[in-house]
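Before any comments, here is the structure.
By convention in this document, chain letters (A, B, ...) are assigned in the order of the sequence lines, proteins followed by strands, and residues within each chain are numbered from 1. Remember, it's a predicted structure, so these values are computed and weren't measured experimentally.
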Number of protein chains: 2
Amino acid sequence: MDVVTQAKTTSVPGRMYRGESHAARKKERQDKLSAAALEIIGTEGFKAATVRKVCREAGLTERYYYEAFGNAQGMLKLVYEQQIGRLASTLYEAVNSVEQTPTAMAEAALTSLFGAIKKDPRMARVIYIEIVGVSEELDEVYRKGQRRFDELLVKLSKPLYPEENTADLDDLLMASALVGAITQVSRDWVLANFDRSITALVNNMMALVVGVITHLQTRRPAR
Amino acid sequence: MDVVTQAKTTSVPGRMYRGESHAARKKERQDKLSAAALEIIGTEGFKAATVRKVCREAGLTERYYYEAFGNAQGMLKLVYEQQIGRLASTLYEAVNSVEQTPTAMAEAALTSLFGAIKKDPRMARVIYIEIVGVSEELDEVYRKGQRRFDELLVKLSKPLYPEENTADLDDLLMASALVGAITQVSRDWVLANFDRSITALVNNMMALVVGVITHLQTRRPAR
DNA sequence: TATTTTTGACTATGGATGTTGTCACACAAG
DNA sequence: CTTGTGTGACAACATCCATAGTCAAAAATA
């Protein structure tokens, strides 16, 4: 009935608890839950990451699962975006910490990528395997995530070849293809339990990248 | 009790029915069921392909679902392998029906691939999206499937560059990377509702393939 | 025709899971 | 101290689904 006082009492976000604000507690819970979700999705797969299981792993109850994720897709989306974000930072850092020549940068990025994958295969499983084919919404999230790396690649390689040579080509498409190549190799590598050395992977992928760039540099304009 | 007569009567595979042998009926049912499964998996996704749904789509009952597939993973595996098989035949045919020069063959394969995808996106969804990340067993099936195409690619490109240039590289790895690139582009293309022309895709992918091959032809042996 | 197999429609069972709700205790605020 | 909010353990409910089973009609075989 009394809308005004209702609004007053319920509009307050929350009170302190154990010395922390509502927002701080909420964030802590989300961190715990997404760490638990990463662990389960990254080792047993998305299907295995049930509400109860994630909550038990996190040491929290179902209420906070819904607070943090809303639903299972929200959980996967959040974990995916966290991992993609971390990886992108790692790669940017690697690229910026070497001499600014194209091959050095490419090599740094690749080494850093494969290193990150080996260091935390759960991440690779989430961003390369589990995210795919769950729902239309998540497929769209995945595409957006991949495009991040496409754009990084375009930015790195754009200075390397004259614009007019590529009138009939499509930067983003080529970048997406290269990222796809690297992704595929990464996926195989994970699924094969790291059966090769990082150097071998980097050397091969460098041949691919340099091959494409060289091709773009030297080709005649398309008929 | 009477084990001998039991064995005698039950060891017979089956009798005729509606003019068809047991084997023929069984195959017909499997065809109907796998067509139904392809339709549902390819349009609504693997998760949506429940036993009842597939059976209703096929016009058959659950008993024959288990006869044909055993379980849901068996269903996906069968459908995947059928589609992979069909696609491989299509590509081989395309490659063999043009003049036997590398670029012509590569162009034929790519054109044929993108054509097949556009003609039946359900196939693409099954072999590129739905098969991934379901279970370890199916991941293995997927890897084996991809390797088919890797090997086709190696066979096609092997004559194009001298062996000694590639001592530190790995044919299969490079092929897998290229197939990954093409797969990624295909996936994006499907998810983006065929937003580009087949020629554009083929041209771009040709640049990639030719780039790599040229690189392999001209590079100095690795230090 | 009598018997057995094959098939289709349908039901039953059991398990897993998402989601909501209950209740008691911990803690904060007045 | 009292009141109300935050929290954790857990139960209840509803839903979906794989899988097994029942029963009668159709068709083949003897």
Side-chain angles (χ1 to χ4, degrees), chain A residues 5-33 36-37 40-41 44-77 134-135, chain B residues 2 5-33 36-37 40-41 44-78 134-135:
Chain A
T5 45
Q6 274 188 3
K8 270 180 187 166
T9 51
T10 58
S11 67
V12 184
R15 68 165 56 150
M16 300 282 284
Y17 203 85
R18 282 186 209 147
E20 288 177 316
S21 72
H22 176 78
R25 282 168 2 239
K26 189 169 166 181
K27 185 180 180 322
E28 250 179 41
R29 288 192 292 257
Q30 201 185 54
D31 289 347
K32 271 191 199 169
L33 280 163
I40 296 177
I41 301 174
E44 302 175 44
F46 176 57
K47 274 184 339 202
T50 63
V51 176
R52 280 170 181 75
K53 213 167 183 177
V54 171
C55 288
R56 274 185 42 216
E57 172 84 23
L60 292 171
T61 60
E62 289 89 337
R63 186 189 299 133
Y64 303 113
Y65 178 97
Y66 294 107
E67 178 195 57
F69 303 135
N71 55 35
Q73 292 195 20
M75 170 185 68
L76 182 50
K77 183 178 173 196
V134 173
S135 73
Chain B
D2 190 345
T5 44
Q6 274 187 5
K8 270 182 188 166
T9 49
T10 56
S11 68
V12 183
R15 65 163 59 151
M16 301 281 286
Y17 202 84
R18 281 188 209 145
E20 288 177 317
S21 72
H22 175 77
R25 290 180 339 254
K26 189 168 165 181
K27 185 181 181 321
E28 251 179 40
R29 287 193 291 256
Q30 201 185 55
D31 288 348
K32 270 192 201 170
L33 279 164
I40 296 178
I41 301 174
E44 302 175 45
F46 176 58
K47 275 184 337 201
T50 63
V51 176
R52 278 170 182 75
K53 212 167 183 177
V54 171
C55 289
R56 276 185 41 216
E57 173 85 21
L60 292 170
T61 62
E62 289 89 337
R63 186 188 299 133
Y64 301 113
Y65 178 97
Y66 294 108
E67 178 195 57
F69 302 135
N71 55 36
Q73 292 196 19
M75 169 184 71
L76 183 51
K77 182 179 172 194
L78 183 71
V134 173
S135 74

**Asked** Just to confirm, is there a sub-4.0 Å distance from OP1 or OP2 of C:dT19 to any side-chain nitrogen or oxygen of A:Arg52?
**Response** no
**Distance-only donor-acceptor test, A:Arg25 side-chain atoms vs D:dG6 base atoms, 3.5 Å** = no
**Prompt:** NZ/B:Lys26 to CD/B:Glu20 distance, rounded to the nearest 0.5 angstrom?
**Reply:** 14.5 Å
**Asked** Rounded to the nearest 0.5 Å, what separation is found between the OG1 atom of A:Thr61 and the CZ atom of A:Arg29?
**Response** 8.5 Å
**Prompt:** How long is the line joining CE of A:Met75 and P of C:dT17, in whole Å?
**Reply:** 12 Å
**Prompt:** Between D:dG8, D:dA18, C:dG8, which one does the side chain of B:Arg63 approach most closely?
**Reply:** C:dG8
**Message:** Using only modelled atom types and a 3.5 angstrom limit, is any donor from either the side chain of B:Arg15 or the base of C:dT4 paired with an acceptor on the other?
**Reply:** yes
**Asked** Rounded to whole angstroms, how far apart are NZ on A:Lys47 and P on D:dC17?
**Response** 14 Å
**Below 4.0 Å: OP1/OP2 of D:dT19 and any side-chain N or O of B:Tyr66** = yes
**Request:** When you get a sec, tell me which of C:dG8, D:dT19, D:dC10 is the closest nucleotide to the side chain of B:Val51?
**Result:** D:dT19
**Prompt:** Of the options B:Ile40, B:Leu33, B:Ile41, B:Val51, which is the one that meets B:Met75 in a side-chain contact (heavy atoms from CB on, under 4.5 Å)?
**Reply:** B:Ile41
**Request:** Give the nucleotide from the list D:dA9, C:dA28, C:dA9 with an atom nearest to the side chain of A:Tyr17.
**Result:** C:dA28
**Asked** Does a nitrogen or oxygen in the side chain of B:Tyr64 sit under 4.0 Å from OP1 or OP2 of C:dT7?
**Response** yes
**Asked** When the distance from CZ of B:Arg29 to C1' of C:dT7 is rounded to whole Å, what number comes out?
**Response** 8 Å
**Fill in**
Among D:dG8, D:dT19, D:dC10, the one nearest any side-chain atom of A:Leu60 is D:dG8
**Item:** Nucleotide D:dG8, atom P - distance to CD of A:Glu28 in whole Å
**Value:** 11 Å
**Prompt:** Across the strands shown, which category fits B:Gly19 at heavy-atom distances under 4.0 angstrom: base, sugar-phosphate, nothing?
**Reply:** sugar-phosphate
**Asked** Atom CZ of A:Phe46 to atom C1' of C:dG18: distance rounded to whole Å?
**Response** 12 Å
**Request:** To the nearest 0.5 Å, tell me how far B:Thr50 OG1 sits from B:Arg56 CZ.
**Result:** 9.0 Å
**Request:** Find which nucleotide of DNA chain C each of B:Glu62 and A:Ala49 is nearest to by heavy atoms, and output the residue with the more 5' nucleotide.
**Result:** B:Glu62
**Fill in**
A:Ile40 CD1 to C:dT17 C1', in whole Å, measures 14 Å
**Gap between atom SG of A:Cys55 and atom OH of A:Tyr64 - 0.5 Å precision** = 11.0 Å
**Fill in**
Whole-Å distance, B:Phe69 CZ to D:dT19 C1', equals 16 Å
**Donor-acceptor pair present, A:Arg18 side chain and D:dG6 base, under 3.5 Å** = no
**Message:** Output the rounded distance in Å from CD (B:Glu67) to P (D:dG21).
**Reply:** 17 Å
